[in-house]
Peer 1: 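Take a look at this one; I'll ask things after.
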Amino acid sequence: MAKKTTPAGHAPPRNSEIADRFDDIATMLDLEGANQFRIRAYRNASRFLRRYGREASDMIAGGEDLAELPGIGDDLAGKIRDLVATGTTSLLDDLRAKTLPVSLNLMRIPGLGPKRIRALVDGLKIRSIGRLRQAAAEGRIRSLPRFGARLEQYLLRMLEERQSKSIRFPLSVAMTAARPLVAHLERGPTISRVVVAGSYRRGLETVGDLDILATAADRKAALDWFTRYGEVAEVRASGTTRATVLLRSGLQVDLRVVAEDSFGAALHYFTGSKAHNIAVRLRGRERGLKINEYGVFRGSRRIGGGTEAEVFAAVGLPTIEPELRENLGEIEAAAAGKLPELVRLKDLKGDLHVHSTYTDGTASIREMALAAKACGLSYIAITDHSRRLTVAHGLDSAGLRRQIAEIDRLNAEDLGIRILKGIEVDILPNGSLDLPDGVLAELDLVVAAVHSAFHLDREAQTRRIERALAHHLVTILAHPTGRLIGEREAYDVDMDRIVRAARAHWVILEINSDPERLDLRDVDCRRAKAAGVPVSIDSDAHQVGAFANLAYGVTQARRGWIEAADVVNTRSLEALLRLLEEKRAGQPAVGASTAA
DNA sequence: GCCGTTTTCGGCCCGACTGTTTTCAGTCG
């Protein structure tokens with residue numbers, strides 16, 4: 001028990017936490033009416049940090065200059081250093097001291113911004129949500145300048161609902177809601193084209209709302225058709241070009257009806273990301289062009305906008321895939337002709353992480369194999385759980401040998417798909433594996449995974465996984481960060497070190513396609529690729545229908561700039577078996593060509 | 001607060017919708 005703790009005795013904040021503090025600063029500056037561009041600087045830096053692949057604290061430890069990062073100058077670099085060293089910075093402390101908590105709470109209500117909040121707080125001397133609700137109930141809010149009865153009623157409703165609006169939906173949930181809605185719109189009067197844009201189209205793992213674009217000869221009829229959709233719970237706005245509704249599921253949907261000749265410009269604009277759009281517009285301005293959702297203009301003359309390709313061409317770029325549009329280097333890569341050729345679902349030839357009724361799957365090995373074959377795959381690896389995972393009836397050596405025998409029999413039958421023998425073996429808290437080497441050596445491949453002791457501190461967790469990666473029989477590290485989207489954060493692990501260890505020991509990193517996992521994360525995919533570490537896009541299927549999830553994994557990989565050549569299971573069975581053989585011999589060709 | 005083959009100062013993306021007004025401020029994306 002060391003009583004003496006250095007200021008750095010606590011774990012240094014992650015980028016996401018630094019970003020949270022910058023967002024706090026931006027919100028409080030906004031409330032005090034600070035310069036909008038100063039506020040934007042904090043929000044831009046926050047957005048960058050959330051998406052950046054490396055931890056600022058690691059960069060500081062390595063003596064790197066944070067002011068080299070885009071949107072971060074000397075001042076913000078200093079504040080990041082403060083936050084890393086002490087957990088706070090003087091500006092944040094000052095703002096917290098003079099900002100009323102009620103104002104911060106009110107900022108979470110859509111429709112309320114700093115001006116209205118200041119009017120409420122100053123005009124009515126409101127100091128708590130309860131008082132505000134009271135004032136609204138008594139009809140005192142409508143008397144404020146530029147407030148009225150409608151706004152008062154709206155506020156009252158929002159306060160009653162106490163809705164926190166920051167709910168984001170997993171992409172898979174959004175897709176389930178979007179498909180029937182798109183079908184409804186496509187049947188609508190005079191509607192010709194319907195595309196879901198926004199973060200949905202970029203394949204983000206979660207989406208806040210749906211942005212749908214359509215073309216229609218009769219805009220009003222199209223918007224009416226939209227607001228009358230059966231799943232609509234509430235129409236929040238409805239104008240001449242767009243409408244906003246809330247579905248029963250809680251998902252907010254915007255429909256914008258645009259002219260045919262500006263469809264490409266609108267699609268680009270509403271696909272985002274915001275950072276990408278701003279960068280493209282600035283590039284346009286350098287060329288004397290104005291780019292907005294209606295087209296590309298030189299002066300008042302429209303020179304393009306019917307297709308996205310025209311928008312990109314106007315700024316001298318080839319079309320950039322939606323998954324890359326985050327202003328994280330894609331524009332520079334496009335300008336240099338170095339855009340990646342992103343992996344596609346049809347490139348996958350196999351699936352290296354599949355369960356069966358031997359443990360917690362719901363279908364037999366034969367059923368899983370036939371289902372995979374029906375999806376066009378030519379091989380799968382059966383990788384059931386190992387004994388420690390008792391909740392899943394994990395296999396011991398004897399059980400695994402029975403499974404090996406069954407797989408041999410099925411392969412002898414020739415089902416038209418090759419079944420590889422594998423295991424998803426637990427990485428125990430000390431980094432050893434849950435089954436003896438003897439039985440693991442009888443398999444075609446070994447998938448190792450963490451399913452316990454998520455709470456270990458960063459150093460212990462990292463060392464645990466490094467040790468497993470160093471095991472000569474481990475082929476793949478499954479769901480490397482362990483996060484469950486919206487449910488459980490990733491365990492605390494240094495992914496830079498994991499990627500380095502994977503490279504050193506020729507271990508493949510998995511992109512788990514389960515829509516709850518999507519793990520590797522996109523930023524980690526880029527790290528793996530940069531280090532020359534191959535990935536496998538696997539379903540982790542526990543039922544026959546789950547091979548469809550591979551599409552989510554592919555989208556995740558695409559967001560991580562992954563190409564077919566980076567993915568081991570785009571290889572033919574023969575090539576994959578060769579790779580596994582080389583790994584076993586300690587000298588695989590994969591990943592060996594590029595230096596880390 | 002950031003940034004720079006037009007700038008180290010003076011810019012910073014910009015249009016739609018709502019609710020309040022009667023020409024526009026506030027908010028959002």
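The structure displayed is predicted, hence computed values, not measured ones.
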Peer 1: In terms of side-chain heavy atoms of A/Arg281, which of B/dG1, B/dG15, B/dC13 is nearest?
Peer 2: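 It is B/dC13.
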
Peer 1: Between A/Arg558 (side chain) and A/Gly203 (backbone), is there a donor-acceptor pair under 3.5 Å?
Peer 2: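 No, A/Arg558 side chain to A/Gly203 backbone: no donor-acceptor pair under 3.5 Å.
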
Peer 1: Counting any heavy atom closer than 4.0 Å, what does A/Phe48 reach on the DNA or RNA strands: base, sugar-phosphate only, or nothing?
Peer 2: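 Touches nothing.
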
Peer 1: Would you mind writing out the side-chain donor-acceptor pairs for residues 548-556 of chain A within the sub-3.5 Å range, not counting sequence neighbours?
Peer 2:
unit_1   : atom_1 : unit_2   : atom_2 : d
A/Thr555 : OG1    : A/Ala551 : O      : 3.0
A/Gln556 : NE2    : A/Leu518 : O      : 3.1
A/Gln556 : NE2    : A/Leu520 : O      : 3.1

Peer 1: Pull out every residue in residues 68-76 of chain A that has a heavy atom closer than 4.0 Å to any atom of DNA chain B, ordered by number, or say none.
Peer 2: A/Leu69, A/Pro70, A/Gly71, A/Ile72, A/Gly73, A/Asp74, A/Asp75, A/Leu76

Peer 1: For A/Phe226, which residues count as a ring pair (Phe, Tyr, Trp, His ring centres under 6.0 Å) partner, sequence neighbours excluded?
Peer 2: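 Listed in chain order: nothing, the list is empty.
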
Peer 1: Identify the two heavy atoms, one from A/Arg281 and one from A/Asn292, that lie closest to each other, and give their separation to 0.1 Å.
Peer 2: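 The answer is NH2-CA, 4.0 Å.
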
Peer 1: Classify the nucleic acid contact of A/Ile39 as base, sugar-phosphate or nothing, counting any heavy atom under 4.0 Å across all strands shown.
Peer 2: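 Nothing: the residue A/Ile39, judged by heavy atoms under 4.0 Å, touches no strand.
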
Peer 1: How far apart are the closest heavy atoms of A/Leu92 and A/Met28, and which atoms are they?
Peer 2: CD1-CE, 3.8 Å

Peer 1: Testing A/Glu323, A/Glu326, A/Glu330 one by one against A/Arg559 for a salt bridge (charged side-chain N to carboxylate O under 4.0 Å, His left out), which residue passes?
Peer 2: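 Result for salt bridge (charged side-chain N to carboxylate O under 4.0 Å, His left out) with A/Arg559: A/Glu326.
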
Peer 1: Heavy atoms under 4.0 Å, any strand shown: does A/Tyr154 hit a base, just sugar-phosphate, or nothing?
Peer 2: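 Contact class for A/Tyr154: none.
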
Peer 1: So which pairs with a foot in residues 178-187 of chain A pass side chain to side chain donor-acceptor pair (under 3.5 Å), sequence neighbours left out?
Peer 2: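 Qualifying pairs, neighbours excluded: A/His184-A/Trp225.
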
Peer 1: Produce a footprint string for nucleotides 17-25 of chain B: one letter per nucleotide, 5' end first; B if the base is under 4.0 Å from any protein heavy atom, S if only the sugar-phosphate is, - if neither.
Peer 2: SSBB---BS

Peer 1: Could I get the full list of ring pair (Phe, Tyr, Trp, His ring centres under 6.0 Å) partners for A/His268, not counting sequence neighbours?
Peer 2: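 Listed in chain order: A/His276, A/Phe312.
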
Peer 1: Using a 4.0 Å cut-off on protein heavy atoms (strictly under), produce a 5'-to-3' string for nucleotides 5-12 of chain B with B for base contact, S for backbone-only sugar-phosphate contact, and - for none.
Peer 2: -------B

Peer 1: Apply ring pair (Phe, Tyr, Trp, His ring centres under 6.0 Å) to A/Tyr52 and list each qualifying residue two or more places apart in sequence or on a separate chain.
Peer 2: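 Ring pair (Phe, Tyr, Trp, His ring centres under 6.0 Å) check on A/Tyr52 returns A/Phe48.
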
Peer 1: Return the set of residues passing ring pair (Phe, Tyr, Trp, His ring centres under 6.0 Å) with A/Phe37 (not counting sequence neighbours), or none when no residue passes.
Peer 2: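 Not a single residue meets the ring pair (Phe, Tyr, Trp, His ring centres under 6.0 Å) criterion with A/Phe37.
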
Peer 1: Among residues 210-222 of chain A, which ones have heavy-atom contacts with DNA chain B below 4.0 Å?
Peer 2: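 Listed by number, there are none.
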
Peer 1: Going by side chain to side chain donor-acceptor pair (under 3.5 Å), name the pairs with one or both residues in residues 114-132 of chain A, residues two or more places apart or in two chains.
Peer 2: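 Non-adjacent pairs meeting side chain to side chain donor-acceptor pair (under 3.5 Å): zero.
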
Peer 1: With side chain to side chain donor-acceptor pair (under 3.5 Å) as the rule and sequence neighbours excluded, what pairs involving residues 141-151 of chain A come up?
Peer 2: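 Every side chain to side chain donor-acceptor pair (under 3.5 Å) pair that includes a residue of residues 141-151 of chain A, provided the two are not neighbours, is A/Arg142-A/Glu152.
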
Peer 1: Looking only at side-chain atoms of A/Glu293, point me to the closest of B/dC2, B/dG29, B/dG15.
Peer 2: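 Closest nucleotide to the A/Glu293 side chain: B/dG15.
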
Peer 1: For B/dG1 and A/Lys79 - does any side-chain N or O of the residue sit under 4.0 Å from the phosphate oxygens OP1/OP2?
Peer 2: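 So the side-chain polar atoms of A/Lys79 do come within 4.0 Å of the phosphate oxygens OP1 or OP2 of B/dG1, strictly under.
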
Peer 1: Applying the Watson-Crick and G-U wobble criteria at under 3.5 Å, what pairs with B/dT8? Answer none if nothing qualifies.
Peer 2: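 Pair assignment: B/dT8 / none.
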
